[in-house]
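One structure is given below, encoded as structure tokens.
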Amino acid sequence: MPIRPDRLLADMRALAAIGQHMTGVNRPAFSDADIAAREWLRNKMMNAGLAAEIDCYGNVYGRAINADRTVVIGSHSDTVPFGGWLDGAMGVIYGLEIARCITESGSQSCGIDVISFQDEEGTYLPFLGSRAFCGDNLTAEIETAKSKDGQTLKDAMSKAALPGNAAVRLDPRRHAAYFEAHIEQGPRLESSGRKIGVVTAIVGIKSFRLLFRGQANHAGTTPMDMRHDAGGAAMCLGNLLNQRMPAIGGPQTVWNVGNMRFEPGAINVVPVLAEVFLQVRDISPAVLAEAEHLVRALAAICAESFKVDVEVECLHDTEPAAMTPALAKLIEKAAAELGAPSASMPSGAGHDAMIVVRHIPSAMLFVPSIGGRSHHVSEDTSDVDIVLGAQVLLRAIELFMANGAR
Ligand SMILES: [Zn+2]
């Protein structure tokens, strides 16, 4: 069954015009542009013959009318501030196009439900839409969630006139599986000449804050062996981490010392305090646990050698989420049938699929990102690759239905 490239690309460009900023899009969750985009999507879904609604969280959901067993296809239509035109939006329009194709084919075996989740990017509360869809109790978090500029989530929801709407919930009796297509947001597909990424798992993330405390003193008169240098300990930690992490992680393990701050922060004063923020990502819980041991052990070694104290705090700890292998195989098979070179790969970024997979079989497909760029107005993918990705996803879903989605 062929998708219609003209219709797919026209809809993606029309959605990108809502909140357009240069070659990208500025459509943070609950902004006027975001709500306008959600209204536009709801209309598009209705025109595609779906029963469409925007729920109280801002999720846009299009329900296949004549089906009691469906595949859910979706992603998110909110963006980071001044982001790209494809992050999230592409996966939603793939859903819309595939729903139209399946309806037009007259297939009775299984329907397509389409969803655009709200606030995947965490303007107020990351994964608000998919977590609400999956039945997480968010009452307390919604009560306190605020944007960076201090707006409350509750106000944003009221301003969008959403609280009166019913919530859309995942129903495992109806929803047989979830498929999400997304741009890779990294350089691996492009640099290896592959066209389709088959996501094996979404990485878990451990984030740490380390605080080294020493003694401020004159940087000229205090001999090196008599210092309590918090800055020296922090830099030592960064270096040792780069040396030692490769031995415990696999080829896909990534880490980042993202910020380091010294007090008093003067060129002629030995730092009394150094604050370090670092993060480790991997798809293996065992590797992440070892990484935490390593961070704590190295912090102690560096503190001792620079005669300072250290506190290590784990700020966030999200578990890796493995995608459903049987569904990943279908994407691989579909890509092979269509002559699209594919590669299995982890996702280094979080996605709504990592929430949904806790409840129903789920899979993710990546298409190449030009130059690996994302979360920026330069984010792009060639039309040919966008069309091929949609065709592969449709074929994978056809295979799923043929395998007995019911
Ligand atoms: Zn995204």
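Basis for what follows: all heavy atoms, side chains included, without hydrogens, waters or symmetry-related copies. Owing to the predicted nature of the structure, the values given are computational and were not obtained by experimental measurement.
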Do [X] and [Y] have side chains that approach each other closer than 4.5 Å (heavy atoms only, starting at C-beta)?
X: S369; Y: E379; answer: no
X: Q279; Y: V254; answer: no
X: M345; Y: E184; answer: yes
X: V199; Y: F366; answer: yes
X: L15; Y: K44; answer: no
X: W85; Y: M12; answer: yes
X: F133; Y: D352; answer: no
X: R42; Y: R38; answer: no

State plainly whether the residues [X] and [Y] are in salt-bridge range, i.e. N to O under 4.0 Å.
X: K159; Y: D32; result: yes
X: R100; Y: D11; result: yes
X: E53; Y: R63; result: no
X: R373; Y: D380; result: no

Self-check item: Qualifying salt bridge (Lys or Arg N to Asp or Glu O under 4.0 Å) pairs, either residue in residues 241-261, two or more places apart
Solution: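 Sorted pair list: R261-E263, R261-E275.
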
Self-check item: ring-ring contact (aromatic ring centres under 6.0 Å, His included): pairs with one or both residues in residues 7-56, sequence neighbours excluded
Solution: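 Counting only pairs at least two positions apart or across chains, the ring-ring contact (aromatic ring centres under 6.0 Å, His included) contacts touching residues 7-56 are H21-F82, F30-Y124.
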
Donor-acceptor pair, side chain of [X] and main chain of [Y], under 3.5 angstrom:
X: T79; Y: R27; value: yes
X: H228; Y: V308; value: no
X: S342; Y: I196; value: no
X: D385; Y: V367; value: no
X: T324; Y: A326; value: no
X: E190; Y: S192; value: no
X: N259; Y: F277; value: no
X: R69; Y: R173; value: yes
X: R227; Y: A219; value: yes
X: D136; Y: L138; value: no

Enter the distance from [X]:[atom1] to [Y]:[atom2] here, rounded to the nearest 0.5 Å.
X: L9; Y: R4; atom1: CG; atom2: CZ; value: 12.0 Å
X: D282; Y: Q252; atom1: CG; atom2: CD; value: 8.0 Å
X: H351; Y: S75; atom1: NE2; atom2: OG; value: 7.5 Å
X: M364; Y: E180; atom1: CE; atom2: CD; value: 4.0 Å
X: L393; Y: I98; atom1: CG; atom2: CD1; value: 4.0 Å
X: N59; Y: L128; atom1: CG; atom2: CG; value: 7.0 Å

May I ask you to check whether [X] and [Y] show a side-chain donor-acceptor distance below 3.5 Å?
X: H76; Y: D87; result: yes
X: N242; Y: W255; result: yes
X: Q118; Y: D34; result: yes

More than 12 foreign heavy atoms under 6.0 Å from [atom1] of [X]: is that the case here?
X: E337; atom1: CD; value: yes
X: E304; atom1: CD; value: no
X: K333; atom1: NZ; value: no

Can you name the nearest heavy-atom pair linking [X] to [Y], along with the distance?
X: G350; Y: E120; result: O-OE2, 3.1 Å
X: D229; Y: G231; result: OD1-N, 3.0 Å
X: N165; Y: D55; result: CB-C, 3.8 Å
X: A299; Y: V310; result: O-CG1, 3.8 Å
X: V272; Y: A216; result: CB-N, 3.6 Å
X: L41; Y: S116; result: CD1-CB, 3.9 Å

Exercise. Apply side chain to side chain contact (heavy atoms under 4.5 Å, CB included) to the pair K154 and E143, showing each step before the final yes or no.
Key: CA-CA 7 Å; K154 282 190 86 174; E143 208 55 52; 3.2 Å; yes

Quiz item: What do the steps show when you test C101 against R7 for side chain to side chain contact (heavy atoms under 4.5 Å, CB included), and what is the final call?
Solution: CA-CA 11 Å; C101 293; R7 186 169 62 181; 4.1 Å; yes

Practice problem: Could you walk me through whether E332 and K329 pass salt bridge (Lys or Arg N to Asp or Glu O under 4.0 Å), step by step? | Solution: CA-CA 5 Å; E332 218 172 84; K329 279 223 161 61; over 6 Å; no

Self-check item: Residue pair D119, R131: steps toward the salt bridge (Lys or Arg N to Asp or Glu O under 4.0 Å) verdict
Solution: CA-CA 10 Å; D119 205 9; R131 291 183 62 202; over 6 Å; no

Quiz item: Would E292 and F208 count as a side chain to side chain contact (heavy atoms under 4.5 Å, CB included) if you check the C-alpha gap in whole Å, the side-chain angles of each, and the deciding distance to 0.1 Å?
Solution: CA-CA 9 Å; E292 175 160 3; F208 301 94; 3.9 Å; yes

Exercise. Run through L273, V270, V269 and flag the one making a side chain to side chain contact (heavy atoms under 4.5 Å, CB included) with P264.
Key: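 Output: one option passes, namely V269.
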
Practice problem: Only one of I3, V114, I386, V392 passes side chain to side chain contact (heavy atoms under 4.5 Å, CB included) with Y94; say which it is. | Solution: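 Among I3, V114, I386, V392, the one that satisfies the side chain to side chain contact (heavy atoms under 4.5 Å, CB included) with Y94 is I386.
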
Exercise. Any chance you could lay out the side chain to side chain contact (heavy atoms under 4.5 Å, CB included) test for I18 and E39, step after step, and finish with the verdict?
Key: CA-CA 11 Å; I18 306 173; E39 280 296 341; over 6 Å; no

